[in-house]
Each structure stands twice: as C-alpha cells, then as structure tokens.
Peer 1: 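This is the structure I want to talk about, given as structure tokens.
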Amino acid sequence: DTTIASLESRLDAAPDDREAWAALGFAYIQQVRDTSDPSAYPIAEAALARSLALQPTANTDAFLGMGTLAAERHDFALALRWGRRAVRAAPFDADAYGLLGDAQLELGHYRAAFRSFQRMVDTRPNLASYGRVSYALELRGNVEGAFAAMRAAYDVAAGAADAAWAAAHIAGFHFEAGRIQEARQW
C-alpha cells in the first residue's frame, strides 16, 4: 500500500513517467499476490498499458509487467509473447529470461525453458534464477539437482526473507526424502 501510494503521488507530479507507471503495475500485481484478491489486476493492466502508451518500444519494464500479469492469469501463451519482447528489448536482463522460461515451462517447452533459465543464471545468479532452476529440475525428476540449485539460492539470498524462502524449500526436500531431523534444522 505504501509503495502504491508513493507511486501514485509521483505520477500526480509527473504523469508521463513511463517507469513509474510500470512500477505501479508491478505494485498492483504484488498486491494481488499478497491479498489473493484479483480485483487489482485490471488496475495493474491499466498502469502497464499507460506505460506502453508513453513508450511502446524498448519498454522492458512494461513488457515484463504485462508478461507477469498474463502468467498470473495463467495465459502462458501471452506471457511467452511478452517474454520474447522483453528479451529482444533487453537481451542482458535476467528477469526477461525468467519470464520467458516460466512461460515456456508452463507450455511444456522444457528444453527451451531450461535454456532460458540457464541464461538467467548466467546473467544474474540470484535467488530468482536458482529457484527457477530448482523447480525445473524437480519437474524433470532430478531431485538432487533441484536440491543443489535451491542450496545455491540459499547461498546467494539477499536478505532474511529470501533466505527463509530458500530454507523452507530445502526443508521440504529433506522432509520428502524422510530426513526429518534435517528438515527441522532448516
């Protein structure tokens, strides 16, 4: 709510700030994640559309926002199109490869998804990239690889919340393997 209020105040002063419009769209998407109330999706879409109206090309933030919104709505074909636009606009943006890989994975394009996730890791080895690799490896049945990738995510966690997220997943791996003591420790 604070982020949304701050961005709306900023946009009152500078209504042509395409970056602020894109950030506002993402903030509304995050609000839906936090509240499980999808009524903010149309507001997010309108903010992202405003950003695109101000700069229809090379607007990676808005491309990522629209792709994220499509993925949240489970329209993975549309998310794939936005992901491709984001990668074309910013070929060294790790988030663009994350969006692209997420859509590819959900559509069953596993090899392409793994390539996108690897490119994401190569571009920015962080919690988001290693978390995606872990999930993809687990889907393919490579539990040990998934565990190792989640351990890498934990090792590069940028703060307590990120570390807790990765630790919870590591605990889950231990629990599923019957290692209850290790699960408790994590």
Peer 1: Measure the OG-CZ distance between Ser51 and Arg18 for me, rounded to the nearest 0.5 Å.
Peer 2: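 Ser51 OG to Arg18 CZ: 6.0 Å, rounded to 0.5 Å.
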Peer 1: State, with a plain yes or no, whether a side-chain heavy atom of Gln31 is found less than 4.5 Å away from one of Tyr28.
Peer 2: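 When only atoms from C-beta onward are counted, Tyr28 and Gln31 do touch, with a gap below 4.5 Å.
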Peer 1: How long is the straight-line distance from CG of Leu127 back to CG of Asp162, given to the nearest 0.5 Å?
Peer 2: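 Spacing of CG (Asp162) from CG (Leu127) equals 4.5 Å.
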Peer 1: Closer than 4.0 angstrom, basic N to acidic O: yes or no for Arg73 and Glu45?
Peer 2: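 Result for this pair is yes, salt bridge flagged.
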Peer 1: State plainly whether one hydrophobic cluster holds both Leu139 and Tyr130, where clusters connect Ile, Leu, Val, Met, Phe, Trp and Tyr through side-chain heavy atoms under 4.5 angstrom apart.
Peer 2: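 Same hydrophobic cluster.
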Peer 1: Should Asp37 and Val32 count as side-chain neighbours, where that means a heavy-atom distance under 4.5 Å?
Peer 2: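 The answer is no; the side chains never approach within 4.5 Å.
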Peer 1: Check the hydrophobic clustering (I, L, V, M, F, W, Y; side-chain heavy atoms under 4.5 Å; chains of links allowed) and say if Tyr154 and Phe175 are grouped together.
Peer 2: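 Different clusters.
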Peer 1: Do His74 and Glu106 make a side-chain contact, defined as non-hydrogen atoms from C-beta onward lying under 4.5 Å apart?
Peer 2: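 Contact flag for His74/Glu106 side chains = no.
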Peer 1: Side chains of Leu52 and Leu48: closer than 4.5 Å at any heavy-atom pair?
Peer 2: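 They are not in side-chain contact.
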Peer 1: Identify the heavy atoms of Ala90 and Ala96 that sit nearest to each other, and give their distance.
Peer 2: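 In terms of heavy atoms, the two residues are closest at O-CB, 4.3 Å.
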Peer 1: For the CZ atom of Arg140 and the CG atom of Leu105, what is their distance to the nearest 0.5 Å?
Peer 2: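 The distance works out to 9.5 Å.
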Peer 1: Hey, what do you get for CZ (Arg132) to CG (Asp102), rounding to the nearest 0.5 Å?
Peer 2: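 Those atoms lie 4.0 Å apart.
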Peer 1: Is the shortest heavy-atom distance from the side chain of Arg84 to the side chain of Leu99 under 4.5 Å?
Peer 2: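 They are not in contact (no side-chain heavy atoms under 4.5 Å apart), so the answer is no.
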Peer 1: Can you tell whether the side chains of Asp75 and Arg81 come within less than 4.0 Å, N to carboxylate O?
Peer 2: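 Salt bridge flag = no for Arg81 with Asp75.
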Peer 1: Determine whether the aromatic ring centres of residues Trp186 and Phe173 are separated by less than 6.0 angstrom.
Peer 2: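 No.
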Peer 1: Report yes or no: do Val156 and Met150 belong to one cluster of Ile/Leu/Val/Met/Phe/Trp/Tyr joined by side chain heavy-atom distances under 4.5 Å?
Peer 2: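 Per the 4.5 Å side-chain linkage, Val156 and Met150 are not co-clustered.
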Peer 1: Compute the ring centroids of His174 and Phe147, then answer whether they are less than 6.0 Å apart.
Peer 2: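 Yes, close enough.
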Peer 1: Tell me, do Phe92 and Arg119 make a side-chain contact under 4.5 Å, heavy atoms counted?
Peer 2: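 When only atoms from C-beta onward are counted, Arg119 and Phe92 do touch, with a gap below 4.5 Å.
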Peer 1: What is the distance from atom CG of Asp17 to atom CD of Gln55, rounded to the nearest 0.5 Å?
Peer 2: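 Asp17 atom CG to Gln55 atom CD measures 11.0 Å (nearest 0.5 Å).
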Peer 1: Can you tell me how far apart CG (Asn59) and CH2 (Trp21) are? Round to the nearest 0.5 Å.
Peer 2: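 With rounding to 0.5 Å, CG (Asn59) is 13.5 Å from CH2 (Trp21).
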Peer 1: Go through the steps for Asn142 and Glu138 under the test side chain to side chain donor-acceptor pair (under 3.5 Å), then give the verdict.
Peer 2: CA-CA 5 Å; Asn142 183 347; Glu138 188 176 16; over 6 Å; no
Peer 1: Say whether Leu78 and Phe63 are linked into one hydrophobic cluster, either directly or through other cluster members, by side-chain heavy-atom distances under 4.5 angstrom.
Peer 2: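 They do share one cluster, since a chain of ILVMFWY contacts under 4.5 Å joins Leu78 to Phe63.
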Peer 1: Any carboxylate oxygen within less than 4.0 angstrom of a Lys/Arg side-chain nitrogen, looking at Arg124 and Asp93?
Peer 2: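 So Arg124 does not pair with Asp93 through a salt bridge.
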Peer 1: Counting only heavy atoms not in Asp12, do more than 12 sit closer than 6.0 Å to its CG atom?
Peer 2: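 Yes - once you tally the heavy atoms of other residues, nucleotides and ligands closer than 6.0 Å, there are more than 12.
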Peer 1: Using every non-hydrogen atom in the two residues, find where Ala44 and Gly25 come nearest and quote the distance to one decimal.
Peer 2: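 That would be CB-O, 3.4 Å.
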Peer 1: Is the shortest side-chain heavy-atom distance between Trp82 and Leu64 below 4.5 Å?
Peer 2: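 Contact flag for Trp82/Leu64 side chains = no.
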Peer 1: What do the steps show when you test Phe117 against Val121 for side chain to side chain contact (heavy atoms under 4.5 Å, CB included), and what is the final call?
Peer 2: CA-CA 6 Å; Phe117 293 150; Val121 169; 5.6 Å; no
